[in-house]
2 protein chains.
Amino acid sequence: MPWDVTHKTKSKEKILICAAKLFVEKGFDAVGINDVMKSANMTRGAFYAHFKSKADLYNQALVVAAFKARENITHGCDQGFASLQHNYLQQGQDPALKDNQQCPIALLISDIRQREPLVRETYEKVFKGFVKFIESQGLTEAEALKEAATMIGAVALSESLTDKNLVEKLLVACQR
Amino acid sequence: MPWDVTHKTKSKEKILICAAKLFVEKGFDAVGINDVMKSANMTRGAFYAHFKSKADLYNQALVVAAFKARENITHGCDQGFASLQHNYLQQGQDPALKDNQQCPIALLISDIRQREPLVRETYEKVFKGFVKFIESQGLTEAEALKEAATMIGAVALSESLTDKNLVEKLLVACQR
DNA sequence: GTCTATAGCACGATAGAC
DNA sequence: GTCTATCGTGCTATAGAC
């Protein structure tokens, strides 16, 4: 593989990983192409050699975010649903893991409504994958859907509320 | 009360009610002052006679949205938590009620992270009021927090997912 | 492929007529 | 108080040098 192809691939990967973090943290509108490229140590102009538009980047970054978040949350998690639930609910709480990828399903849950159909399809696939994964821990589809709603709602709320005490009570209450 | 004071009050109320609908539906960034004023049958210039900034409008509209949504959801709901839960989960499903105010806690759940501290405080107060209201139906604080997370997560998801069948299954699964 | 520079547009906010 | 007109700014996207 020639050097320039590797270089291009590495640049694109770097952009995607930076974009995944930024978009999940701030949403589509609050993140400019400039912010993403700066975060990846490049300038605006280089962006369009890799992506055809900002929406294209968002769509691909969503997949990367989902993959990385799953890695993050299921890392060392072999003890069934209770362990998964605990790791998911605590994803934003451990300061040591503060720069890890958080779950795009929860953090982009209202952002996604304003996006184009292709992006919404991607989001929906990610959500369905999450539900299937919960089912694989021994839950029925209905149980998995309800547990997913609770976990996603709790994590989304935990990022939107500022009262640390309330957030702690909320996460404990959802843990069962 | 002189005519012009009444007129001003009515204009402001109209702007607030239109803004509450638009912001809850689309979020802060996707709604321009122009959109709000057009929806209220006025022009951009008149806006600053009533509000000092777009953020000021958003903050006040959030309170109006919470009040109207509560009216909408608790309307004819005297049968305890099960009835509240049913009405809350179905708020976006009945096409006849499609233009009613939906719950800002659920629909602005990720939008609110990017707003200024004053707005986030307002959101937090609204959320705490919602939890207290659930508690008043005979639940403990922990139970109320968990039920709130499930309901809010389910409604937020139901607006973000496009598969009607999946949404229906999700809402039924959360109904108990 | 990456850079600098800029076109083109949309938005928030202000100024001044009525 | 409401209107029209405008300034200033920030953004996406493109053009052209290297």
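To find a chain, count down the sequence lines: A is the first, B the second, and so on, and within it residues start at 1.
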Participant: Output the rounded distance in Å from CD1 (B/Ile15) to P (D/dG1).
Facilitator: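 Going from CD1 in B/Ile15 over to P in D/dG1 covers 11 Å.
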
Participant: What integer distance in Å separates A/Phe51:CZ from C/dG1:P?
Facilitator: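 Rounded to the whole Å, the gap is 12 Å.
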
Participant: Using a cut-off of strictly less than 4.0 Å, decide whether A/Ser11 has a side-chain nitrogen or oxygen near OP1 or OP2 of C/dG1.
Facilitator: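 For C/dG1, neither OP1 nor OP2 has a side-chain N or O of A/Ser11 closer than 4.0 Å.
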
Participant: Extract from the structure each pairing of a protein N or O with an N or O of nucleotides 5-12 of chain D at less than 3.5 Å, listing the distance.
Facilitator:
from	atom 1	to	atom 2	distance (Å)
D/dT6	O4	B/Arg44	NH2	3.4
D/dT12	OP1	A/Ile33	N	3.4
D/dT12	OP1	A/Lys54	NZ	2.9
D/dT12	OP2	A/Ile33	N	3.1

Participant: Starting from P on C/dA13, measure out to NZ on B/Lys52 and report it in whole angstrom.
Facilitator: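 Answer to the nearest Å: 10 Å.
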
Participant: What class does the angle between the rings of A/Tyr58 and A/Phe28 fall in, given that below 30° is parallel, 30 to 60° is tilted and above 60° is perpendicular?
Facilitator: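 Aromatic pair A/Tyr58/A/Phe28 classed perpendicular.
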
Participant: Please report the distance, rounded to the nearest Å, between CG in A/Asn41 and C1' in C/dT2.
Facilitator: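 Computing the A/Asn41:CG to C/dT2:C1' distance gives 13 Å.
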
Participant: Check ring-ring contact (aromatic ring centres under 6.0 Å, His included) between A/Phe51 and all other residues, then give those that pass, not counting sequence neighbours.
Facilitator: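 For A/Phe51, the residues satisfying ring-ring contact (aromatic ring centres under 6.0 Å, His included) (neighbours in sequence not counted) are A/Phe47.
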
Participant: Among residues at least two apart in sequence or on other chains, which ones pass side-chain contact (heavy atoms from CB on, under 4.5 Å) with B/Gln101?
Facilitator: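 Checked B/Gln101 against side-chain contact (heavy atoms from CB on, under 4.5 Å); matches are B/Ala20, B/Lys21, B/Val24, B/Ala65, B/Lys68, B/Ala69.
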
Participant: Please collect all ring-ring contact (aromatic ring centres under 6.0 Å, His included) contacts where either partner lies in residues 142-175 of chain A, sequence neighbours excluded, each pair once.
Facilitator: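 Not a single pair qualifies under ring-ring contact (aromatic ring centres under 6.0 Å, His included).
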
Participant: Enumerate the ring-ring contact (aromatic ring centres under 6.0 Å, His included) contacts for residues 156-176 of chain B, please, sequence neighbours excluded, ordered by first and then second residue.
Facilitator: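 Every candidate ring-ring contact (aromatic ring centres under 6.0 Å, His included) pair involving residues 156-176 of chain B fails, so no pair, neighbours aside, qualifies.
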
Participant: Which residues satisfy the ring-ring contact (aromatic ring centres under 6.0 Å, His included) test with A/Phe130, sequence neighbours excluded?
Facilitator: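 In terms of ring-ring contact (aromatic ring centres under 6.0 Å, His included), with neighbours along the sequence ignored, A/Phe130 is linked to A/Tyr88.
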
Participant: How many Å lie between CE on A/Met42 and C1' on C/dT4, as a whole number?
Facilitator: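 Computing the A/Met42:CE to C/dT4:C1' distance gives 16 Å.
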
Participant: May I ask you to evaluate whether B/Thr43 reaches the phosphate of D/dC3, defined as a side-chain N or O under 4.0 Å from OP1 or OP2?
Facilitator: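 Looking at the OP1 and OP2 atoms of D/dC3, one of them is under 4.0 Å from a side-chain N or O of B/Thr43.
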
Participant: In whole Å, I'd like the distance from the CZ atom of B/Phe47 to the P atom of C/dA13.
Facilitator: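 Nearest whole value for this atom pair: 7 Å.
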
